[in-house]
Colleague: 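Here's a structure for you.
What you see is a predicted model; the values in this text were computed from it and never measured. Below, all heavy atoms of this structure are taken into account, side chains as well, without hydrogens, waters or symmetry copies.
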Amino acid sequence: MAGTLEFRNISKYFPGVKALDNVSFLARSGEVLAFLGENGAGKSTLLKTLNGDYQPDEGLYLLDGEEKHFKDPHEAIEAGISIIYQERQILPELSVAENIYLGRMPTNRFGVISTAEANRRAEKIIQDFNLPIHPMDKVKDLSIAYQQMVEIMKAYSRENLKVICFDEPTASLSDAEIESLFAIIRKLRDEGKIVIYVSHRMSEIAAITDKVAIFKDGKYVTTLETKKTSEPEMIRLMVGRDIGSVYDELDRNKEIGDVLLEVKHLSSDYVDDVSFTLHKGEVLGFSGLVGAGRTEAMRAIIGADRMTGGEVFLDGEKITCRNPGEAKKKGIVLVPEDRKTQGILATLSVRDNINISMLDANSNKLGIIDRKKEDQVAEEGIRNFNIKTPDADKKIAELSGGNQQKCIVARWMSTMPKVLILDEPTKGIDVGAKAEFYHMIMEFAKQGLGVILISSEMPEVIGLSDRIIVMRARKISGEVMREDATEDRLLSLGMMEE
């Protein structure tokens, strides 16, 4: 009999928010089921209620027809349910085998832990997964992709595994690593596991899933066969409208002004001889493969990395930024790629996250913070950037990825910058939130800001930029105007030389 996981009338409430609203549907073994929906649609909340991190306020789960209630993740694991999150849950100082069998290391007949037996069992799983690693390798020495594989092997090693869920598993993986992960997911599916896959990347949904369960505003919409459903139809069900022509709908700035930022022969430990200009009201795209030096060039400009050569001019005046704080005072700010480790302050509120860059401006001569000013800045940020939160006191970690990103943008826009650098600003956010960001970027340009957009999504960088700089091997390899830009041309300029 095929295994089943039934979600029956699941509801979950948070203060001011109904995160899950009477969700009912069925997942079956032997297929990969995608959870698809905008940030805030309820996907991750549903996984956390399944996992025992949250308790549903209403409803229940049935695993193979048997009702289940999990007080914590340990109980879910004991029942055969494992969730692989973006944040790796491993102990880096331990070996691969020790991580796989953590808390259940095999013992000999005297009750003594047998590392040799753990290594033997781990080696068999590694061979099953066809991975080029060894049981005794320390996890800290593995790539991010293989660290993730260790987590999957840990779940796989449990004899009772019935359900395995992947929450945005490819966020930090290369194309080759993604294909290795997909091979393992197909193996799990073919062995009769119930596989749930959460991702915003539509190309991945098409490549790895058999069905998609679509969510909108905390509600389950429908389940469809992936191969029989077009991407525009999935998007329409997710967001309630067709956004296929989102780039054509943008109200672009038609009055690009004088040169605002000029970078001449910039070099650091990570880039060589980078020169470019940015105009007032312009969106300047930066394209290139991972490791080409796009982020590193911007880090040198704002003083996060030391410049070893070159000059930077802002409004015709030569400037030197020894750190990002000095860059902010001069009017250059960077929204970083890694939202979770470099952007948000996860334990603080929305108010504190938006105001963290304004501590000096919000304080009097004695250094005492004016709470009324902070309230005003936070409320303006929430209103101007349409941040979906019940109030400014909500912890930022409890917001969706798209709303966290809006908070970071609100933080830096409150400093009234001249140059706004956006490094992969739509990474990990849904298609609906992306459309909001695209319109936001156009508004910034019309206000006269110079916007630098780093994006690995070629349709995005072509669709948003007025001009595109391509980097290759730490240097600029070409410049293309938007009307002349094609994916083939950008890829050709960005490919590494043999």
Side-chain angles (χ1 to χ4, degrees), residues 32 77 82-106 113-159 161 163-193 195-199 201 203-209 270 288-292 337-338 341 427-428 456 472-474 491 494-498:
V32 180
I77 289 170
S82 288
I83 298 183
I84 311 299
Y85 290 107
Q86 289 183 58
E87 298 81 12
R88 288 167 296 284
Q89 300 176 344
I90 51 176
L91 296 178
E93 292 294 336
L94 298 185
S95 71
V96 169
E98 289 166 335
N99 268 276
I100 290 174
Y101 292 102
L102 187 65
R104 49 195 180 92
M105 287 283 284
I113 288 175
S114 174
T115 302
E117 177 63 14
N119 289 339
R120 186 189 69 77
R121 295 183 188 179
E123 179 63 35
K124 183 178 184 309
I125 297 174
I126 291 169
Q127 289 177 357
D128 287 345
F129 279 35
N130 194 31
L131 298 174
I133 58 177
H134 303 284
M136 292 176 285
D137 290 343
K138 280 199 172 184
V139 171
K140 71 175 184 180
D141 296 327
L142 303 181
S143 69
I144 290 173
Y146 289 135
Q147 289 179 11
Q148 192 172 62
M149 300 300 183
V150 171
E151 285 201 75
I152 299 169
M153 289 190 290
K154 182 195 301 183
Y156 183 77
S157 69
R158 299 186 179 100
E159 293 181 359
L161 179 66
V163 181
I164 185 164
C165 308
F166 297 86
D167 190 6
E168 297 284 0
T170 63
S172 303
L173 306 188
S174 68
D175 288 345
E177 290 167 340
I178 289 171
E179 193 47 54
S180 296
L181 173 65
F182 284 180
I184 290 171
I185 289 175
R186 293 186 187 104
K187 173 181 172 61
L188 293 165
R189 176 198 63 191
D190 295 344
E191 290 182 359
K193 312 303 181 188
V195 182
I196 294 173
Y197 190 88
V198 179
S199 177
R201 299 180 178 183
S203 59
E204 292 179 10
I205 299 296
I208 192 59
T209 70
Y270 310 103
L289 302 178
V290 173
E337 173 185 5
D338 193 334
T341 62
K427 181 178 179 180
S456 298
R472 179 181 65 201
R474 302 167 28 131
L491 189 59
M495 291 293 287
M496 299 293 290
E497 295 175 326
E498 298 294 334

Colleague: Indicate yes or no: at least one non-hydrogen side-chain atom of Phe166 is less than 4.5 angstrom from one of Ser199.
Modeller: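 A side-chain contact under 4.5 Å is absent here.
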
Colleague: Could you check if a side-chain atom of Ile152 sits within less than 4.5 angstrom of a side-chain atom of Ile185, using non-hydrogen atoms only?
Modeller: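 Not touching, per the 4.5 Å side-chain cut-off.
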
Colleague: Are Glu117 and Arg120 ion-paired here, with the side-chain N under 4.0 Å from a carboxylate O?
Modeller: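 Result for this pair is yes, salt bridge flagged.
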
Colleague: Do Pro169 and Tyr197 touch side chain to side chain, with heavy atoms closer than 4.5 Å?
Modeller: yes

Colleague: Does CG belonging to Asp190 count more than 12 external heavy atoms closer than 6.0 Å?
Modeller: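 Atom CG in Asp190 is crowded, with more than 12 foreign heavy atoms closer than 6.0 Å.
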
Colleague: Just to verify, what does Glu337 make a salt bridge (charged side-chain N to carboxylate O under 4.0 Å, His left out) with, not counting sequence neighbours?
Modeller: Lys427

Colleague: What I'd like to find out is whether the side chain of Ile126 reaches to under 4.5 Å of the side chain of Met153, using heavy atoms alone.
Modeller: yes

Colleague: To the nearest 0.5 Å, tell me how far Arg186 CZ sits from Leu188 CG.
Modeller: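 Spacing of CZ (Arg186) from CG (Leu188) equals 12.0 Å.
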
Colleague: So, taking the atom named CD1 in Ile196 and the one named CD1 in Ile84, what distance separates them when rounded to the nearest 0.5 Å?
Modeller: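 Taking CD1 in Ile196 and CD1 in Ile84, the distance rounds to 12.5 Å.
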
Colleague: Can you name the side-chain contact (heavy atoms from CB on, under 4.5 Å) partners of Leu91, sequence neighbours left out?
Modeller: Leu94, Asn99, Leu102

Colleague: Run Glu151 and Gln147 through side-chain hydrogen bond (donor to acceptor under 3.5 Å, both in side chains) and show every step you take.
Modeller: CA-CA 7 Å; Glu151 285 201 75; Gln147 289 179 11; over 6 Å; no

Colleague: Run the ring pair (Phe, Tyr, Trp, His ring centres under 6.0 Å) test against Phe182 and tell me which residues pass, sequence neighbours left out.
Modeller: none

Colleague: Which residues satisfy the side-chain contact (heavy atoms from CB on, under 4.5 Å) test with Arg474, sequence neighbours excluded?
Modeller: Asp272

Colleague: Heavy atoms only: give me the nearest Pro135-Glu123 pair and the separation to one decimal.
Modeller: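 In terms of heavy atoms, the two residues are closest at CD-OE1, 3.0 Å.
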
Colleague: Just to verify, what does Ser157 make a side chain to side chain donor-acceptor pair (under 3.5 Å) with, not counting sequence neighbours?
Modeller: Arg104

Colleague: Does the side chain of Leu142 come within less than 4.5 Å of Met149's, by heavy atoms?
Modeller: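 They are not in contact (no side-chain heavy atoms under 4.5 Å apart), so the answer is no.
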
Colleague: Applying side chain to side chain donor-acceptor pair (under 3.5 Å), name anything that partners Tyr101, two or more places apart in sequence or on another chain.
Modeller: none

Colleague: Can you name the residues that form a salt bridge (charged side-chain N to carboxylate O under 4.0 Å, His left out) with Glu191, not counting sequence neighbours?
Modeller: Lys187

Colleague: Tell me, please, which residues at least two apart from Ser95 pass side-chain contact (heavy atoms from CB on, under 4.5 Å).
Modeller: Ala97, Glu98

Colleague: Give the minimum heavy-atom separation between Ile164 and Leu161, together with the two atoms involved.
Modeller: CB-CD1, 4.4 Å

Colleague: Using side-chain contact (heavy atoms from CB on, under 4.5 Å), reason through Thr209 and Glu204 one step at a time and then give a plain yes or no.
Modeller: CA-CA 8 Å; Thr209 70; Glu204 292 179 10; over 6 Å; no

Colleague: Using side chain to side chain donor-acceptor pair (under 3.5 Å) as the criterion, list what pairs up with Glu159, not counting sequence neighbours.
Modeller: none

Colleague: Which residues satisfy the side chain to side chain donor-acceptor pair (under 3.5 Å) test with Asp128, sequence neighbours excluded?
Modeller: Lys124

